[in-house]
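Take a look at the structure set out below.
Both ligands and their constituent atoms are indexed starting at 1 by order of listing.
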Amino acid sequence: MFQPFYRPRRLRANENIRRMVRETKLSPDDFIYPLFVTHGKGVKKEISSMPGNFQQSIENLVKDCGEVHTLGIPAVILFGIPEHKDELGSEAYSDEGIVQHAIKAIKNKLPELVVITDVCLCEYTSHGHCGLIKNGVVQNDATLELLAREAVSHAKAGADMVAPSDMMDGRVGALRHALDTEGYSDTPIMAYAAKYASSFYGPFREAAESTPQFGDRRSYQMDAPNSREALREVALDIDEGADIVMVKPALSYLDIIFQVKQQFNLPVAAYNVSGEFSIIKAAAKLGWIDGERAMMESLISIKRAGADMILTYFAKEAAMLLNSKS
Ligand code: PBG
């Protein structure tokens with residue numbers, strides 16, 4: 001009878017042996033938790049397609065941030081739902097905007113928690129696009145100025161880091177220049193560098209009320225079949241002053257995360273987006289998969305591909321699980 005000489009199964013025999021040879025490990029340190037903040041008092045409205053995630057008013061948001069901090073998660077990223085939307089997305093860069101108020105409230109209670117802000121116009125514009133519209137087209141250069149104002153106003157409110165997600169050309173440079181000019185040269189930029197036009201953003205658009213009212217985002221977000229272009233996008237953002245580069249979404253783009261990690265030496269973030277979260281939640285609810293195992297498997301695969309940090313709606317749940325095992 002043939003007997004194999006090398007037997008990889010020897011090192012899989014039990015959990016302790018598996019722990020000893022495990023190449024990748026997750027920790028709450030790896031996570032960034034996305035949060036949605038809205039006007040009002042006592043608001044905590046569950047997002048139907050994203051169970052366990054809410055649109056919250058500021059005092060509930062601060063409470064949630066307290067839990068995040070206690071779980072050992074170092075950072076949150078904020079998305080705002082404005083009171084009024086208009087053509088120019090004015091509340092995005094108003095010092096009285098919802099995100100600006102939320103930053104102050106969080107930093108006041110939890111000074112060590114890292115507060116990152118998403119810098120984009122789509123939640124604030126009546127047409128739901130990430131930039132200004134002229135003749136039905138999203139205007140690149142005119143949008144840069146507004147994005148820069150938004151970033152500066154977040155920094156002024158106390159944001160620890162800004163994260164442009166609009167995919168206009170040159171926005172990292174525009175933000176860096178504006179931040180430096182206004183005295184925020186120490187505020188880092190996490191650039192959504194390779195952000196693809198993706199169907200997996202569906203649930204987020206319900207959460208942030210940011211569905212485009214006409215057309216789609218394919219004239220500014222990347223085309224899914226391209227990977228060399230992603231490396232060009234990342235290189236551009238680094239040239240313009242990005243401190244951290246992000247790939248988004250994560251699970252359908254693990255090859256991009258891997259390549260970015262191999263080619264560049266900046267920290268790499270990956271956004272495990274709303275649709276990636278909702279799919280697992282829905283299948284688990286139907287009893288079709290083990291939701292907890294699918295969550296951990298997808299998070300570890302993102303880290304194994306090369307992500308140094310993971311933006312994920314699973315952050316709290318996964319941190320709870322990790323903490324209970326350590
Ligand atoms: C804003 C923005 C989006 C996401 C993060 N920032 C939506 C979009 O581009 O349509 C998606 C996040 C998610 O799906 O979890 N531009």
Side-chain angles (χ1 to χ4, degrees), residues 31-37 47-55 76-82 85 89 91-93 98-99 116-125 127-133 138 140 143-144 146-147 150-151 154 161-168 171-172 175 189-224 233 244 246-253 269-282 295 298-299 302 307 309-316:
F31 304 139
I32 298 170
Y33 190 52
L35 287 165
F36 302 95
V37 58
I47 299 148
S48 62
S49 54
M50 298 171 68
N53 290 266
F54 304 85
Q55 291 182 343
V76 295
I77 180 162
L78 300 182
F79 297 92
I81 298 134
K85 295 174 191 259
E91 285 188 39
Y93 38 90
I98 186 68
V99 164
I116 307 170
T117 58
D118 184 84
V119 174
C120 196
L121 296 183
C122 65
E123 296 118 77
Y124 305 91
T125 50
H127 43 73
H129 276 288
C130 305
L132 294 179
I133 305 285
V138 177
N140 196 88
T143 301
L144 297 182
L146 300 185
L147 293 168
E150 182 178 3
H154 290 168
M161 195 183 297
V162 292
S165 68
D166 53 284
M167 288 302 277
M168 297 302 121
R171 89 275 202 222
V172 173
L175 260 61
I189 298 176
M190 172 193 275
Y192 286 69
K195 176 175 177 180
Y196 287 87
S198 171
S199 60
F200 292 104
Y201 305 153
F204 173 93
R205 292 179 187 171
E206 180 204 336
E209 300 177 6
S210 65
T211 308
Q213 298 304 300
F214 66 90
D216 53 39
R217 303 208 203 291
R218 280 186 275 196
S219 75
Y220 42 105
Q221 299 179 348
M222 284 185 55
D223 200 22
E233 279 283 7
I244 298 172
M246 192 200 298
V247 174
K248 176 185 174 191
L251 292 174
S252 300
Y253 299 85
Y271 203 138
N272 179 213
V273 300
S274 57
E276 299 173 333
F277 171 85
S278 301
I279 288 171
I280 291 178
K281 285 292 176 190
M295 162 178 81
S298 50
L299 293 171
I302 296 166
M309 53 199 99
I310 307 173
L311 297 88
T312 179
Y313 304 96
F314 285 123
K316 281 171 68 181

Please enumerate all residues that pass side chain to side chain contact (heavy atoms under 4.5 Å, CB included) together with Ala92, with sequence neighbours excluded.
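Applying side chain to side chain contact (heavy atoms under 4.5 Å, CB included) to Ala92 gives Leu121, Tyr124, Glu150.
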Under the side chain to side chain contact (heavy atoms under 4.5 Å, CB included) rule, collect the residues that match up with Ala282, sequence neighbours excluded.
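Side chain to side chain contact (heavy atoms under 4.5 Å, CB included) list for Ala282, sorted by chain: empty.
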First-shell residues of ligand 1 [heavy atom, distance under 4.0 Å]
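These residues qualify: Phe79, Asp118, Cys120, Cys122, Cys130, Ser165, Tyr192, Lys195, Phe200, Tyr201, Phe204, Arg205, Arg217, Gln221, Lys248, Tyr271, Val273, Ser274, Tyr313.
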Any non-hydrogen side-chain atom of Arg171 less than 4.5 Å from a side-chain atom of Val119?
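Result no, sub-4.5 Å side-chain heavy-atom pair not found.
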Who passes ring pair (Phe, Tyr, Trp, His ring centres under 6.0 Å) against Tyr313, sequence neighbours left out?
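Phe277.
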Check: Ile47 main-chain N/O paired with Glu206 side-chain donor or acceptor under 3.5 Å:
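Not confirmed, Glu206 side chain does not pair with Ile47 backbone.
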Start with the C-alpha gap between Phe36 and Phe204, add the side-chain angles, then the distance that decides, and say whether ring-ring contact (aromatic ring centres under 6.0 Å, His included) holds.
CA-CA 10 Å; Phe36 302 95; Phe204 173 93; 5.6 Å; yes
